[in-house]
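By convention in this document, chain letters (A, B, ...) are assigned in the order of the sequence lines, proteins followed by strands, and residues within each chain are numbered from 1. Just so it is clear, the model here is predicted, and its values are computed rather than measured.
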Amino acid sequence: MTDYLVGQVQKHLPHIPVEVVSQGAEALVFKTSVHPYLPNSISPYLDNHDEYIIKFRPPKPYRHPKIDASITKNRTVGEVKFMSKLARIGIRAPSLISADFNNGIIWMECLGQTLPNGEVSSFKNWLWYLERNEIPDKCVSDEVRVVCIKVGALIGRLHLNNMVHGDLTSSNILLENFEPALIDFGLSSYSGLAEDKAVDLYVMERAILSTHSVFSDKYNAWLLEGYEQIHETEFGKQGKKKHLETIRKLEDVRLRGRKRSMLG
Amino acid sequence: MSWTSVSFPSYPQYTVFISLFTGIENDTISTVKKELIAANAEYDFCFLNTYHVVSVEHLYGSIHRSIANYANDTLKARTVNTEIIFNLSPINKIMEALKKFGVDEKCPNIIAIKVFKTEDIDEKSFIDTNNHLLKLLRIEKDSNIELNDKTLGQLVDVPKVIKVYKLSDVKISSDESQKQAQLTRLVVAACLLRGL
């Protein structure tokens with residue numbers, strides 16, 4: 001199946017070597033060494049000049065072709081818009097390079113480094129790496145605490161701009177020199193409601209609980225600490241109020257789960 | 001004399017000729033404008049003023065998208081030359097884009113672009129094309145400077161860019177070296193999202 005999908009992306013991107021990085025239900029993520037429009041002699045204004053990411057939403061054969069084309073286009077546009085908004089407000093996320101909306105292709109910056117064990121430096125991989133290779137103390141060291149607080153602050157800044165990520169997990173946060181960046185905005189939306197923000201936080205809490213269960217209590221507490229701090233430092237009294245509202249909602253969400261209605 | 005030629009990995013069948021000229025007389029620009037409207041074949045180039053071109057990446061991004069549309073036969077504008085101007089713009093009106101990004105009496109600097117079929121050209125045709133442009137724009141060879149981020153950074157009008165691309169609510173870095181990088185990222189995204 002993946003080979004077939006790779007063939008499809010190659011049809012839209014002739015002469016571009018691609019390597020599959022990850023595959024989800026909706027999209028495939030590739031890595032390539034070729035910039036779509038700048039020759040090697042000219043460096044793009046990005047930190048990484050050697051690798052670029054291509055996100056491809058393949059057509060779904062089970063949908064009507066016309067509906068499929070419109071869904072693919074709308075979701076690709078939505079994601080690009082979200083990323084461009086993040087760039088405008090200065091939240092660290094991959095920069096846009098190019099996009100082909102009709103074919104569901106987005107070219108973006110390749111963030112993250114490689115950990116000593118060869119994995120990409122996502123928040124998840126880094127925590128796992130510490131858990132497996134270092135003395136246990138390191139997992140809850142000050143270094144980890146600082147990173148968790150930074151991640152919490154990043155999510156707080158996102159929410160303060162009335163943006164909701166929709167799929168916050170530790171693998172959707174990349175670390176670059178211990179500075180977190182968000183990726184994967186396929187489920188992102190705009191919302192100022194405390195409810196939606198609380199659900200966003202709840203999804204993250206559950207993700208941490210299942211992927212980093214040994215120290216999940218500490219991690220979650222630090223994340224929420226960072227989340228609270230940014231509300232107060234950036235928005236003062238008003239931010240404090242917003243934070244309280246979201247946290248109250250979070251408690252409700254914890255009791256009832258992610259879905260508000262009992263249907264579906 | 002200095003020009004650049006570029007070909008994109010996905011579309012090797014096309015080669016694009018790009019050249020930057022400075023210090024052009026007002027009268028000449030008026031003539032160029034007139035001849036472009038009259039569709040004189042001698043003036044079959046994409047002419048841009050430099051005020052709104054932030055960096056090489058910005059320019060190439062627009063050319064790349066235009067070539068892709070050209071190759072896939074999905075041009076929005078009538079010619080590939082206009083398409084390049086249109087794709088450089090965040091405004092979804094071709095006439096507006098031509099007014100903002102095309103030749104303008106207020107800007108004495110011009111970027112000239114022409115798309116060739118790769119099989120039709122060699123080094124000599126580039127020299128001929130460049131000489132032809134020097135003649136059309138009535139300038140000497142030393143006004144034809146290299147097109148790179150440094151030269152574009154000197155010729156760009158940042159307040160105009162911020163206005164056209166609606167970036168007034170963005171905190172723009174005051175550090176000159178960071179500014180071009182940040183603006184490039186913002187305008188590239190704005191161009192992609194034109195009309196959406």
Side-chain angles (χ1 to χ4, degrees), chain A residues 9-18 32-47 49 52 54 70 73-103 105-109 157 161 185 234, chain B residues 4-13 15-16 18 54-69 71-72 74 87 90 147-150 152-153 162 165-173 177-196:
Chain A
V9 79
Q10 287 291 4
K11 212 166 53 191
H12 299 305
L13 304 168
H15 316 296
I16 307 268
V18 294
T32 179
S33 54
V34 182
H35 191 284
Y37 49 83
L38 288 180
N40 284 335
S41 52
I42 304 172
S43 294
Y45 277 117
L46 302 169
D47 294 336
H49 302 162
Y52 308 96
I54 302 170
S70 118
K73 186 176 177 181
N74 284 337
R75 291 189 181 162
T76 312
V77 169
E79 188 166 352
V80 170
K81 273 192 181 163
F82 202 87
M83 287 167 72
S84 102
K85 184 88 200 290
L86 290 176
R88 292 175 73 109
I89 57 179
I91 290 182
R92 192 88 177 99
S95 292
L96 290 158
I97 296 171
S98 170
D100 177 349
F101 299 112
N102 293 325
N103 295 317
I105 293 169
I106 308 175
W107 287 74
M108 58 186 121
E109 180 182 15
R157 278 195 36 219
N161 284 287
F185 306 101
E234 294 232 329
Chain B
T4 321
S5 74
V6 64
S7 189
F8 303 115
S10 290
Y11 309 99
Q13 67 271 38
T15 300
V16 184
I18 310 166
V54 176
S55 64
V56 176
E57 199 177 339
H58 180 204
L59 181 63
Y60 279 28
S62 141
I63 299 174
H64 171 259
R65 202 170 169 203
S66 310
I67 295 278
N69 289 346
N72 300 327
T74 51
N87 279 333
L147 182 131
N148 54 34
D149 281 343
K150 198 171 155 224
L152 286 179
I162 290 176
Y165 288 89
K166 302 194 175 66
L167 301 173
S168 49
D169 57 339
V170 182
K171 270 189 219 140
I172 305 280
S173 164
S177 61
Q178 299 258 315
K179 202 189 247 173
Q180 195 174 28
Q182 194 194 1
L183 282 174
T184 300
R185 300 270 50 96
L186 293 167
V187 297
V188 165
C191 291
L192 285 176
L193 285 166
R194 183 204 68 222
L196 294 169

Inset, instruction - Any chance you could measure A/L38, atom CG, to B/F8, atom CZ, to the nearest 0.5 Å? - result: 8.0 Å
Legend entry - Residue selection (most heavy-atom pairs with chain B, distance under 4.5 Å) from A/S43, A/S95, A/G90: A/S95
Inset, instruction - Give, for atom CG of B/L192 and atom NZ of A/K81, the distance between the pair rounded to the nearest 0.5 Å. - result: 12.5 Å
Inset, instruction - Please round to the nearest 0.5 Å and tell me the distance separating atom CG of B/N72 and atom CG of A/N102. - result: 9.5 Å
Legend entry - Straight-line distance of A/S41 OG to B/N148 CG, nearest 0.5 Å: 11.0 Å
Legend entry - Region of A/V34 that comes under 4.5 Å of a non-hydrogen atom in chain B: side chain
Legend entry - Main-chain N/O of A/P14 paired to B/S10 side chain as donor or acceptor, under 3.5 Å: yes
Legend entry - Modelled atom types, side-chain donor and acceptor of B/Q180 and A/Y45, under 3.5 Å: yes
Legend entry - Spatial distance of atom CD1 (A/I89) from atom CG (B/D169) [nearest 0.5 Å]: 10.0 Å
Legend entry - B/S55, part contacting chain A, at a heavy-atom distance under 4.5 Å: side chain
Legend entry - Within-4.5 Å side-chain heavy-atom neighbours: B/V188 and A/I97: no
Inset, instruction - Measure the acute angle between the ring planes of B/H64 and A/Y37, then classify it against the limits of 30° and 60° as parallel, tilted or perpendicular. - result: tilted
Legend entry - Contact class of B/I172 relative to chain A, heavy atoms under 4.5 angstrom: neither
Inset, instruction - Indicate the atoms forming the closest heavy-atom contact of B/P9 with A/P36, along with that distance. - result: CD-O, 3.7 Å
Legend entry - Gap between atom CG of B/L193 and atom NZ of A/K85 - 0.5 Å precision: 12.5 Å
Inset, instruction - Please look at A/P39 and chain B and tell me whether the side chain, the backbone, both or neither of the residue comes under 4.5 angstrom of a heavy atom of that chain. - result: side chain
Inset, instruction - Side-chain contact test, heavy atoms from C-beta onward, threshold under 4.5 Å: evaluate it for A/R88 versus B/L167 and give yes or no. - result: yes
Inset, instruction - Name the option with the most non-hydrogen atom pairs under 4.5 Å to chain A; the candidates are B/I67, B/V56, B/D149. - result: B/D149
Legend entry - Closest approach of A/L96 to B/R185 (non-hydrogen atoms, all atoms of both residues): O-NH2, 2.8 Å
